[in-house]
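Below is one structure, written out as structure tokens, with a few remarks after it.
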Amino acid sequence: MPELPEAETIVRGLRPAITGRRIERVEVPKPDVLREGRRSFSAKVRGRTIGSVERRAKNVLIVLDRGRRIAVNLGMTGQLLPFPRPPRGRRRPTHPAVRFRFDDGSLLVFNDTRRFGTVECLDPEEWSEREARFGPEPLDPAYAPSQLAAALGTSRAPIRSWLLDQRRIAGIGNIYAAEALFLSGIHPERPARSIDLEEATRLHGSIRMVLEDAIDEGGTTIRDYRNAIGGEGGYARLLFVYGRQGRPCRRCGAPIERLVISNRSAFFCPTCQPPRRP
DNA sequence: AGTGTATCCTGCAGGC
DNA sequence: TGCCTGCAGGATACAC
């Protein structure tokens, strides 16, 4: 589910709702989303105050005092839903996995139907170790086209798989990989190393454009994604290829095709994204 | 080393 | 209506 734009949207919505709150109590109805026992997790976060809310890759980071942080990976269906006190007629979460209760009576629920998501509490050293495993942030102003071109290097992996690898570039998932490849006219099965500097430069620009536009739209809601106030994102109506197999390409009219790469659907336009460069 | 596959889990859509 | 299959925005342990 949530990729960089969805995580970013959640972070922006969460920030004003929970910053400065003190965690009074933790309830864990679905302990399998934790990577440790619920008792030790609770002990680490109880009594701590939330200093800020940040994002790295697709992760939402709730930064506590002393540099400790709660790292939330939303998986496919994870949602972070803050509830004010009183919870003004909001629908109750369907699959609450973790509940944080704050000193002012408000509440933050990690809701996750499929429970592919994780909630962890990391010390500063644990986080920097984790952090180092992620590739560059594509929206970092310092991330240059030449850096992408160089990183594609000698990899024989299909470019679609390459883009999904969080160690190579952070935050891209199946939707935005498909859209960025469409916008840059690159077939998803092209080996990463076959992409030349000119194409890499186009891809770099497309990745940024897609992610920025999606953030502006508050993310893409296919089914489960919701922002921090339970609302849907607006980017689904702007998709060119993702989930549109059989429907006409918005640019050339040819039917969008679907193929499977590494067990996951890849969507592309056969004429706008030829398999090899002419 | 660097890829692809199978797996975790639930819900939904479509075919019969 | 109900049963079955396939599919889903992610990440990772494993086999080759």
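Residue numbers begin at 1 in each chain, while the letters A, B, ... track the order of the sequences. Quick caveat, the model's predicted, so the values are computed rather than measured.
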Exercise: do A/Tyr176 and A/Glu6 side chains pair donor with acceptor under 3.5 Å: yes

Presence of A/Ser265 side-chain N/O under 4.0 Å of C/dA8 phosphate oxygens OP1/OP2: yes

Sugar-phosphate only, base, or nothing, as touched by A/Asn263 at under 4.0 Å among non-hydrogen atoms: base

Sugar-phosphate, base or nothing in reach of A/Arg156, heavy atoms under 4.0 Å: sugar-phosphate

Identified side chain to side chain contact (heavy atoms under 4.5 Å, CB included) counterpart of A/Ile70 within the set A/Leu61, A/Ile23, A/Val63, A/Leu108: A/Ile23

A/Glu120 CD to C/dA11 C1', straight-line distance once rounded to whole Å: 12 Å

Sugar-phosphate only, base, or nothing, as touched by A/Tyr176 at under 4.0 Å among non-hydrogen atoms: nothing

Sugar-phosphate, base or nothing in reach of A/Ser155, heavy atoms under 4.0 Å: sugar-phosphate

Any-strand Watson-Crick or G-U partner of B/dC9, both distances under 3.5 Å: none

A/Thr220 (side chain) donor-acceptor with A/Tyr235 (main chain) under 3.5 angstrom: no

Residue whose nearest DNA chain B nucleotide is more 5′ - A/Arg223 or A/Asp165: A/Asp165

Any A/Ser262 side-chain N or O less than 4.0 Å from OP1/OP2 of B/dG4: yes

Given B/dG4, C/dC7, C/dT12, the nucleotide with the shortest approach to the side chain of A/Pro158: B/dG4

Whole-Å distance separating the CG atom of A/Asn174 from the P atom of C/dG9: 5 Å

Distance between P atoms of B/dA6 and C/dG6 (Å, rounded): 14 Å

Residue whose closest nucleotide on DNA chain C lies nearer the 5' end, A/Arg258 versus A/Ile172: A/Arg258

Nearest-angstrom distance, P atom, B/dT7 to C/dT5: 16 Å

Candidate nucleotides C/dC7, B/dT3, C/dA11, ranked by approach to the side chain of A/Asn73 - the nearest: C/dA11

Donor-acceptor pair (no angle test) under 3.5 Å: A/Arg114 side chain, C/dA8 base: yes

A/Glu126 side chain to A/Asp123 backbone, donor-acceptor under 3.5 Å: yes

Protein-nucleotide distance (A/Asp112, atom CG; C/dA8, atom C1'), rounded to Å: 13 Å

Distance in angstrom units between A/Asp32 CG and B/dT10 P, rounded: 8 Å

Whole-Å gap separating C1' (C/dT12) and CZ (A/Arg130): 12 Å

pi-stack flag for A/Phe116 and B/dC8, centroid dist under 5.5 Å, interplanar under 30°: yes

Spacing of A/Phe110 atom CZ relative to C/dG10 atom C1', expressed in whole Å: 11 Å

Cationic tip of A/Arg244 above A/Phe267 ring, under 6.0 Å, 45° of axis: no

Sugar-phosphate, base or nothing in reach of A/Arg167, heavy atoms under 4.0 Å: nothing

Out of C/dT12, B/dT10, C/dA8, whichever nucleotide has its closest atom nearest the side chain of A/His95: B/dT10

Side chain of A/Gln166 - closest among B/dT3, B/dC9, C/dA11: C/dA11

Candidate nucleotides C/dG10, C/dT12, B/dT3, ranked by approach to the side chain of A/Lys58 - the nearest: C/dG10

side-chain N/O A/Arg264 vs C/dG9 OP1/OP2, d < 4.0 Å: yes

Distance in angstrom units between A/Asn111 CG and B/dT10 C1', rounded: 12 Å

B/dG15 pairs with, by Watson-Crick or G-U criteria that keep both distances under 3.5 Å: C/dC3

Of A/Arg92, A/Gln79, A/Arg226, the residue whose pairing with A/Asn111 passes side-chain hydrogen bond (donor to acceptor under 3.5 Å, both in side chains): A/Gln79

Salt bridge (charged side-chain N to carboxylate O under 4.0 Å, His left out) partners of residues 104-119 of chain A, not counting sequence neighbours, each pair once: A/Arg21-A/Asp104, A/Asp32-A/Arg115

Separation of atom CZ in A/Arg56 from atom P in C/dA11, rounded to whole Å: 13 Å

